[in-house]
Amino acid sequence: MRLLSWSVILFLLGCGTSSDIENDTPREWAIAIHGGAGNFGKEHVDENAQAQYSASLNSALERGEQLLQSGSSATDVVVEVMKILENDSLFNAGRGAVYTSDGTHELDASIADGQTRNTGAVTGLQGFKHPIDVAKSVMDSSSHVFFSGHGAGEFAKSLGHEEADPSWFHTDKAYNRFKKAAARAGDVPQPVDEKKGTVGCVVLDMHGNLAAGTSTGGMTYKKHGRIGDSPVIGAGTWADNRTCAVSATGWGEYFIRTGVAQDIHSRMLYANSSLSEACRGAIFDEMGALGGDGGVVAVSSTGKISLVCNSAGMFRAWSSPDGRGVAMFTSDGKGTVEIH
Ligand code: ASP
């Protein structure tokens with residue numbers, strides 16, 4: 001019943017740009033996920049597509065809930081949930097990733113473990129089904145934290161990660177966007193309203209540990225070798241048990257320039273900001289003030305959940321023992337805050 005009520009309330013409210021679930025007692029577990037942000041409103045995502053997004057987000061969350069309730073670790077939950085999203089061609093990560101200007105797929109992913117403060121990331125990965133899994137291997141099975149391109153592929157191969165042909169990543173939607181961009185002969189990135197579909201997951205597990213992960217194909221028609229925020233620890237991903245776990249999505253260049261994920265952590269650690277204050281400060285006052293757009297999903301060490309964006313849309317969902325919710329659009333335009 002409770003699960004239903006969150007979704008219904010948010011649907012009726014029109015799903016605002018930020019959602020905070022405040023609670024004085026620490027929660028046993030919490031999880032939040034996103035499926036990308038952009039300047040898309042209800043008019044751009046028809047009811048059928050909304051239902052598809054909602055179903056995909058809910059089934060990923062369900063798996064996360066099961067794992068968390070059975071005591072799985074935060075990092076394992078992040079990987080399992082994100083593999084579901086990477087397999088889902090609705091999103092710009094793994095299968096369904098956008099095309100580069102060379103007509104290929106270059107995948108980025110990162111993961112952060114709040115307990116150990118270890119991290120793993122890959123950028124420009126080609127031909128592997130689950131970049132988030134490779135990022136976890138970088139964290140667990142190497143003495144490094146970040147692999148790129150060919151070296152990332154060699155590393156993934158040496159550990160037996162599942163490979164896939166280019167056709168596995170293809171979707172007509174991503175290819176049509178590539179063709180549209182190519183026709184414009186743009187070496188400029190796609191307009192903001194098309195930058196949606198990156199996936200991310202933040203988790204507090206029953207053992208009190210936080211973890212975060214982010215995975216993406218990047219931006220349509222990005223130049224070969226371009227790196228966005230998603231694999232950059234401190235920009236797109238962060239986890240520290242003292243404060244929070246964060247996964248970002250949006251215009252990556254701006255998230256790198258303002259170090260969004262680490263900014264949120266630092267505000268909490270050094271300025272004693274609450275999770276929601278920290279997220280709003282980083283998104284609205286810093287990243288947004290420079291002209292970027294997008295958002296974050298974040299959980300705190302006490303299980304608070306904050307989902308903040310300054311774009312018209314962000315596919316996002318969350319769950320805790322108090323209930324589950326899904327949101328997609330803003331009710332009152334860019335840069336506004338709605339507390340739930
Ligand atoms: N942040 C990603 C990037 O810039 C794209 C996105 O989140 O939509 O690569």
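All ligand and atom numbering here is 1-based and tracks the order in the structure.
- By the criterion of a heavy-atom distance under 4.0 Å, the side chain of R226, and not its backbone, is placed next to ligand 1.
- Less than 4.0 angstrom separates some heavy atom of T249 from each of these atoms of ligand 1: 6 (C), 7 (O), 8 (O).
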Practice problem: Take F128 and E162 through the side chain to side chain contact (heavy atoms under 4.5 Å, CB included) test and state the conclusion after the steps. | Solution: CA-CA 6 Å; F128 289 87; E162 197 177 352; over 6 Å; no
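- The shortest N or O to N or O distance between A37 and ligand 1 is not below 3.5 Å.
- Between the side chain of N310 and the backbone N or O of F284, no donor-acceptor pair lies under 3.5 Å.
- Contacts of S230 with ligand 1, taken as heavy-atom pairs under 4.0 Å, involve the side chain alone.
- Judged by the 6.0 Å distance and 45° axis criteria, R95 is positioned over the aromatic ring of W168.
- A continuous path of hydrophobic side-chain contacts links L57 to V79 [ILVMFWY only; heavy atoms under 4.5 Å].
- With atom 8 (O) of ligand 1 as the reference point, the heavy atom nearest to it among I256, T198, D108 is part of T198.
- Taking the six-membered ring for Trp and the full ring otherwise, the centers of Y175 and Y99 sit less than 6.0 Å from each other.
- Remark: among candidates G252, G228, P231, G250, the nearest residue to atom 5 (C) of ligand 1 is G250, based on non-hydrogen atoms.
- Looking at ligand 1, you won't find any N or O of E253 less than 3.5 Å from one of its N or O atoms.
- Residue D229 approaches ligand 1 through these ligand atoms, each under 4.0 Å from one of its heavy atoms: 1 (N), 2 (C), 3 (C), 4 (O).
- Relative ring orientation between F169 and H105 is described as tilted, the plane-to-plane angle lying within the 30° to 60° band.
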